[in-house]
Amino acid sequence: MNVNQLKKSVALSAINYISFSDVIGIGTGSTIKFFIEGLGKKNFFIKGAVSSSSSTSLLLKKYKIKELYLNDVKFLSFYIDGADEINMFFEMIKGGGAALTKEKIIAKKSKKFICIVDEFKIVNTLGFFPLPLEIIPMSYKFVKCELKKIGGNVKLRKNIITEHGNIILDIFNLYIYDPYYIENKINSIPGVVTVGLFSLRKADLILIGTKNGVKIIKKI
Ligand code: 5RP
């Protein structure tokens, strides 16, 4: 099985957790694309979904899944999303697709976060994948200077403006031994909209696409 097949199998397995009465939050990325396609092709009508990006909204439209807006929704049963890396403490790096800010807001609002990943995303220590940050453009040099105190090599992601008109920095080679501390530390720098570290709001359930089927990791 190649990576895309693993992504597809894990994405389809997540559909079993959803019921007709649910309003769910939906992330962004290639794994999520398989999830939305699966939901659409099954003709499985949920109450609605809150989208984390314009690309996800387009897919919802294509598969006739009703899009709802966060401000109009009282309760989200699940947030379903992929990740760039996840550790066995359910902490993640996300934002490879630059949608981290909306993803974090919707994840926090949701009752349960189901993270769907292929087996290559599982790590012991977060940070091999560059850590993304969405920042206000005028704060670029200041934030870069502040990040030097934390470590790693900061690079501006080229040709990307987020849906909120901001820019993305990626921190390379920052091995994150204390994700909770690093998330709080980076989020407290003025100019940072959000960092793609999900430790304050972790996943609740991890579904892992492996060559031997989908593995389920629950919090004890
Ligand atoms: C987008 C994300 C995605 O969940 C993450 O990049 C994983 O993407 P993919 O499913 O394409 O591997 O955080 O901002």
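Whatever order the structure lists them in is the order used to number ligands and atoms, beginning at 1. Computed over heavy atoms, backbone and side chain alike; hydrogens, waters and symmetry mates excluded.
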At less than 4.0 angstrom from any atom of ligand 1, which residues have a non-hydrogen atom? List them by chain and residue number. K7, T28, G29, S30, T31, D81, G82, A83, D84, K94, G95, G96, G97, A98, A99, E103, K121
Given D84 and K94, is the salt bridge (charged side-chain N to carboxylate O under 4.0 Å, His left out) satisfied, shown in steps? CA-CA 5 Å; D84 297 304; K94 294 186 40 53; 6.0 Å; no
When you measure from the centre of the six-membered ring of F78, is the NZ or CZ of K111 under 6.0 Å away and within 45° of the axis? no
Considering residues at least two apart in sequence or located in another chain, which fulfil the ring-ring contact (aromatic ring centres under 6.0 Å, His included) criterion with F20? F44
Does S51 have any side-chain hydrogen bond (donor to acceptor under 3.5 Å, both in side chains) partners at least two apart in sequence or in another chain, and if so, which? S57
T101 meets the side-chain hydrogen bond (donor to acceptor under 3.5 Å, both in side chains) criterion, sequence neighbours left out, with E134
Restricting to non-hydrogen atoms, name the atom on R157 and the atom on P132 that form the minimum distance, rounded to 0.1 Å. NH2-CB, 3.6 Å
